[in-house]
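The chains referred to below are lettered A, B, ... by the order of the sequence lines, with proteins before strands, and numbering in each begins at 1. For clarity, every value in this text was computed on a predicted model and none was experimentally measured.
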Amino acid sequence: MSKSAAKKIQAIRGMNDLLPSDSPRWQFFEGKVRQLMHRYGFDEIRTPIVEQTALFARSIGEVTDIVEKEMYTFDDRNGDSLTLRPEGTASCVRAAMEHGLLHNQTQRLWYQGPMFRHERPQKGRYRQFHQVGVETYGFDGPDIDAEVILLSARLWQELGLMEHVTLELNSLGSAEARAAYRDKLVAYFEQHQDVLDEDSKRRLTSNPLRILDSKNPDMAEMLNAAPQLMDHLDDESRAHFEQLKAMLDAAGIPYVVNPRLVRGLDYYCRTVFEWTTTALGSQGTVCAGGRYDGLVEQLGGKPTPAVGFAMGIERLVLLLETLNLVPADAMGGCDVYLVPMDDSATVAALMLAEQLRSALPSLRLQLHCGGGSFKSRMKKADKSAAPVAILLGEDELANQTATLKFLRDDREQQQVAQAALAETLHELLPNVSSH
RNA sequence: GUGGAUGUAGCUCAGUGGUAGAGUCCCGGAUUGUGGCUCCGGUGGUCGUGGGUUCGAUCCCCAUCAUCCACCCCA
């Protein structure tokens with residue numbers, strides 16, 4: 001620990017520690033997700049966080065921002081170019097193909113885990129962030145589009161977020177229709193070069209559809225007169241989109257059609273959607289996805305229709321926190337804090353704690369450790385947020401009892417025989433069951 | 001990647017060109033076996049980091065790192 005060697009090592013920029021005070025919120029969210037996926041008949045898939053660089057370049061699109069400047073790419077010791085995954089879909093397709101999951105069968109998969117993008121960090125935008133994603137394969141009708149949207153909607157309902165999010169919907173048409181429209185749009189923009197700002201000129205080659213979404217008021221007039229994607233949909237995509245809207249109407253899910261909604265990743269076609277919120281500043285997209293019918297084939301598999309979405313866990317947890325939607329009983333804590341009143345009761349307390357844990361498997365009991373004055377032991381009992389403290393001292397040891405003290409309500413403490421303690425706690429604490 | 005704001009105790013923040021303070025937290029005491037309220041005392045800081053100007057820099061200048069905001073992009 002010399003001064004010269006004192007350069008502090010800290011976490012990588014944009015990569016955060018998840019501290020004990022945060023994890024209950026994450027666990028609450030993750031628990032809801034897991035339960036929901038189970039209820040909808042989706043199976044979990046876990047893939048490595050590192051893949052061959054080519055996988056992402058070929059799926060996300062060579063000229064997207066993600067591939068051009070945001071990937072964590074490095075050479076393995078044998079010279080292979082590897083990349084920390086910037087999103088989950090490509091890995092999922094790769095794994096499904098590699099293990100024959102797409103061979104004459106349909107799949108409904110979900111995953112969860114860290115993703116990596118080298119962007120400038122901001123609230124709700126990090127270099128290591130976490131997504132929950134859903135991917136379905138082998139369904140070409142709008143029913144599966146509706147199904148995954150309904151799944152996401154139910155999650156918002158269960159989390160109490162429904163009135164804080166908006167569903168935006170669009171159709172990009174088939175890959176062919178989209179490409180044709182893209183050419184037409186580029187031609188139109190090239191005729192109006194003089195009105196385009198710098199960003200838009202750059203996007204002319206990278207993602208011309210996004211220019212439509214520009215906030216620059218000087219371009220508004222020109223953009224309004226631009227060819228509309230909706231007018232260039234192929235008939236099949238138009239029908240698909242109409243049916244999807246009818247299904248959402250029938251399910252009572254409100255949405256707004258946003259003809260300027262364009263996803264940044266190249267593989268999307270037909271249905272695209274985003275759930276957005278105004279409560280998080282400029283990082284308003286909380287969940288986004290769509291159809292990517294061409295990707296499996298593009299990666300060397302048989303043509304396979306696919307629909308999926310991903311949501312950002314940091315953003316959703318942040319939203320839950322901001323809106324105070326995590327119930328208090330999910331925020332950790334324990335039921336009972338067991339206090340040996342002085343060091344002579346340590347061993348007895350240890351044994352009593354184990355005995356109670358055996359008798360009451362759902363009991364959350366924290367044993368006081370680390371000594372200290374009796375006063376400080378009681379302070380820690382208070383801080384534990386437990387409703388009940390068990391005190392064990394000289395008198396209790398002498399007559400095989402324990403003192404039950406109620407920390408949260410005005411109620412006389414009571415002496416209970418140690419043999420009857422489990423039964424008493426079971427009666428006292430509604431969430432604790434005996435076995 | 002571009003523009004801007006901010007970095008002082010574990011946390012929230014004052015403050016001054018002469019090597020730092022409050023609240024909170026933590027520990028102890030008032031109260032020998034009873035926490036929360038009150039009162040008293042105590043621990044805790046290379047003032048983000050590295051240079052420069054100066055007799056002297058936490059303060060002024062430069063660089064750098066980090067966080068936040070907007071843009072870009074996206075979950």
Which nucleotide, [options], lies nearest any side-chain atom of [X]?
| X | options | value |
| --- | --- | --- |
| Arg117(A) | C74(B), C73(B), U34(B) | C74(B) |
| Lys379(A) | G33(B), G35(B), A75(B) | G35(B) |
| Asp395(A) | G33(B), C71(B), C73(B) | G33(B) |
| Arg13(A) | A75(B), A66(B), U34(B) | A66(B) |
| Ser282(A) | A75(B), A70(B), G35(B) | A70(B) |
| Asp65(A) | C26(B), C73(B), C27(B) | C73(B) |
| Lys405(A) | G35(B), C68(B), A75(B) | G35(B) |
| Arg125(A) | C74(B), G1(B), U34(B) | G1(B) |
| Gln10(A) | C71(B), C65(B), C25(B) | C65(B) |

So, [X] side chain and [Y] main chain: donor-acceptor pair closer than 3.5 Å or not?
| X | Y | answer |
| --- | --- | --- |
| Asp335(A) | Leu365(A) | no |
| Arg315(A) | Val286(A) | no |
| Glu314(A) | His130(A) | yes |
| Thr53(A) | Ser81(A) | yes |

| query | Do Asp382(A) and G35(B) have a side chain to base donor-acceptor pair shorter than 3.5 Å? | reply | yes
With a non-hydrogen cut-off below 4.0 angstrom, is [X] in contact with a base, only sugar-phosphate, or nothing?
| X | answer |
| --- | --- |
| Arg408(A) | base |
| Gly14(A) | sugar-phosphate |
| Glu87(A) | nothing |
| Ala381(A) | nothing |
| Gly124(A) | base |
| Tyr337(A) | nothing |
| Leu316(A) | nothing |
| Glu70(A) | sugar-phosphate |
| Arg120(A) | base |

Practice problem: Could you tell me whether the side chains of Arg270(A) and Ser237(A) share a donor-acceptor contact shorter than 3.5 Å? | Solution: yes
Task: Between Thr401(A) and Glu396(A), a side-chain donor and acceptor under 3.5 Å - done: no
Assert: residue with more 5' nearest nucleotide on RNA chain B, out of Trp275(A) and Gln122(A), is Gln122(A)
Residue pair Gln415(A)/Val262(A) against RNA chain B: nearer the 5' end by closest nucleotide is Gln415(A)
[N] [atom2] sits how many Å from [X] [atom1], rounded?
| X | N | atom1 | atom2 | result |
| --- | --- | --- | --- | --- |
| Lys123(A) | A70(B) | NZ | P | 10 Å |
| Phe116(A) | A75(B) | CZ | P | 16 Å |
| Tyr126(A) | A75(B) | OH | C1' | 12 Å |
| Phe374(A) | U31(B) | CZ | C1' | 12 Å |
| Lys69(A) | C72(B) | NZ | C1' | 7 Å |
| Met341(A) | U32(B) | CE | P | 13 Å |
| Gln413(A) | G36(B) | CD | P | 15 Å |
| Lys375(A) | U34(B) | NZ | P | 10 Å |

Which whole number of Å gives the distance between the [atom1] atom of [N] and that of [M]?
| N | M | atom1 | value |
| --- | --- | --- | --- |
| C47(B) | G7(B) | P | 15 Å |
| C27(B) | A63(B) | P | 45 Å |
| A9(B) | A5(B) | P | 22 Å |
| U19(B) | G23(B) | P | 22 Å |
| A20(B) | C26(B) | P | 27 Å |
| G44(B) | U6(B) | P | 32 Å |
| C59(B) | G18(B) | P | 11 Å |
| U54(B) | C61(B) | P | 16 Å |

Is the shortest side-chain heavy-atom distance between Met219(A) and Ser200(A) below 4.5 Å? yes
- Query: Are Arg377(A) and U34(B) close enough that a side-chain N or O sits under 4.0 Å from OP1 or OP2?
  - Reply: no
Check your understanding: Are Gln283(A) and C74(B) close enough that a side-chain N or O sits under 4.0 Å from OP1 or OP2?
Key -> no
Query - Heavy-atom neighbours of Asp410(A) CG exceed 12 at 6.0 Å - result: no
Query raised in the report: Does NZ in Lys245(A) sit with more than 12 non-hydrogen atoms of other residues, nucleotides or ligands closer than 6.0 Å?
Result: yes
Task: Aromatic plane relationship, His232(A) with Tyr181(A) - under 30° parallel, 30 to 60° tilted, over 60° perpendicular - done: tilted
For this session: Look at the aromatic rings of Trp275(A) and Trp156(A) and report parallel, tilted or perpendicular, splitting at 30° and 60°.
Result: perpendicular
Pairing string of RNA chain B (Watson-Crick or G-U wobble, both atom distances under 3.5 Å; | = paired to other strand) is (((((((..((((....[..)))).(((((.......))))).....(((((..]....))))))))))))....
